[in-house]
Amino acid sequence: MCHVIVTCRSMLWTILSIVVAFGELIAFMSADWLIGKSKNTEVDNRTGGQQEFNGPSLGIYGRCIKLSHVQDSRRATLCGPYAEHFNEIASGFWQATAIFLAVGISILCIVAFVSVFTMCIQSVMKKSIFNVCGLLQGIAGLFLILGLILYPAGWGSQKVVAYCGHYASAYKPGECSLGWGFYTAIGGTVMTFICAVFSAQAEIATSSDKVQEEIEEGKSLICLL
């Protein structure tokens, strides 16, 4: 018989697991990891008007360029991948970062999917699904850390130098500043380890004496605060 068990701690862990997975995925896809300074005003050869490049941003495989047409005050943002193939990513360090982040995010997405079913399924092969998911989240967190450590090592690549100036080098962003994509990835990594630890509390909550008493009374839907 399937017992649907919902507690505050297990539900909170499920929600956090889903939020962390989506947060890391959005950060990975974002082009706002490095934000460059505004460039000089230039003449648009097609229209004859002046345009200004404002705060170009660069991600692991994508980039955004904001164009401002000075004469008519129009603004346009052009975003897209600068690397159509994996070997076109700016540097070997960023390629390694992409691999580590992709593996970590894949694990987090799997855990997020499984977490939805923990209300009904609490164990697999006599092992707590919460403990297994917590272990996977810890492993995912390690992959994310490796990716984030390697990422600044690629700041000396030609692509970054073109955006951030000649002072850019490994672990020195030059004239660029860090964007929300990088900070979101860091925050998501911290939250990943918090979820891994909190999974133990979700396990304790769903296997407490109160839950066992409700099961013995024959209830199939158990909700505890």
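We count residues from 1, following the sequence as given.
Across every non-hydrogen atom of Gly154 and Trp94, the tightest pair is CA-NE1, 3.6 Å. Smallest separation of non-hydrogen atoms from Ser157 and Ser91: CB-CB, 3.9 Å. Across every non-hydrogen atom of Cys133 and Val111, the tightest pair is CB-CG1, 3.9 Å. In this structure, Ala196 and Gly138 approach most closely via the heavy-atom pair CB-N, 3.9 Å. In terms of heavy atoms, Phe193 sits closest to Leu142 at CZ-N, 3.8 Å. Considering every non-hydrogen atom in both Ile35 and Ser57, the closest pair reads CD1-CB, 3.5 Å.
Applying the 6.0 Å contact sphere to CZ of Phe93 captures no more than 12 heavy atoms from other residues, nucleotides or ligands. In Tyr171, the OH atom is crowded: over 12 heavy atoms of neighbouring residues, nucleotides or ligands sit closer than 6.0 Å.
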For residues 14-23, run the donor-acceptor check on the side chains, cut-off 3.5 Å, and write out each pair with its distance to 0.1 Å, sequence neighbours left out.
from  : atom 1 : to     : atom 2 : distance (Å)
Thr14 : OG1    : Ser10  : O      : 3.0
Thr14 : OG1    : Ser115 : O      : 3.4
Ser17 : OG     : Trp13  : O      : 2.8
Ser17 : OG     : Gln137 : NE2    : 2.9

Would you mind writing out the side-chain donor-acceptor pairs for residues 172-187 within the sub-3.5 Å range, not counting sequence neighbours?
from   : atom 1 : to     : atom 2 : distance (Å)
Trp180 : NE1    : Asp32  : OD2    : 2.7
Thr184 : OG1    : Trp180 : O      : 2.6

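Note that the CD atom of Gln158 and the OH atom of Tyr163 stand 14.0 Å from one another [nearest 0.5 Å]. The CZ atom of Phe143 sits 10.0 Å away from atom OG of Ser106, with the distance rounded to the nearest 0.5 Å. Separation of atoms OG1 (Thr97) and CG (Leu146) is listed at 9.5 Å; rounding is to 0.5 Å. For the atom pair CD1 of Ile139 and CG of Leu144, the computed distance is 12.0 Å after rounding to the nearest 0.5 Å. If you take CZ on Phe100 and CD1 on Ile105, they are separated by 13.5 Å, rounding to the nearest 0.5 Å. Atoms CG and CD, on Leu101 and Glu24 in that order, are 7.0 Å from each other to the nearest 0.5 Å.
Under the 4.5 Å side-chain heavy-atom criterion for grouping Ile, Leu, Val, Met, Phe, Trp and Tyr, Ile204 is not connected to Leu12 through any hydrophobic cluster. Tyr151 and Ile26 fall into different hydrophobic clusters, where Ile, Leu, Val, Met, Phe, Trp and Tyr are joined by side-chain heavy atoms under 4.5 Å apart, directly or via other members. Under the 4.5 Å side-chain heavy-atom criterion for Ile, Leu, Val, Met, Phe, Trp and Tyr, Leu148 and Leu150 are members of the same hydrophobic cluster. Linking ILVMFWY residues whenever their side-chain heavy atoms come closer than 4.5 Å, directly or via other members, leaves Tyr167 and Trp155 in distinct clusters. In the hydrophobic clustering of ILVMFWY residues, with side-chain heavy atoms under 4.5 Å counting as a link, Leu25 and Leu136 come out together.
Between the side chain of Tyr82 and the backbone N or O of Leu58, no donor-acceptor pair lies under 3.5 Å. For the pair Trp33 (side chain) and Ile60 (backbone), a donor-acceptor distance under 3.5 Å is absent.
Phe113 has its side chain out of reach of Leu108: every pair of non-hydrogen atoms, C-beta onward, lies at least 4.5 Å apart. Between Phe198 and Cys195, every side-chain heavy-atom pair lies at or beyond the 4.5 Å cut-off.
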What do the steps show when you test Phe130 against Gln201 for side chain to side chain contact (heavy atoms under 4.5 Å, CB included), and what is the final call? CA-CA 9 Å; Phe130 294 103; Gln201 292 298 317; over 6 Å; no
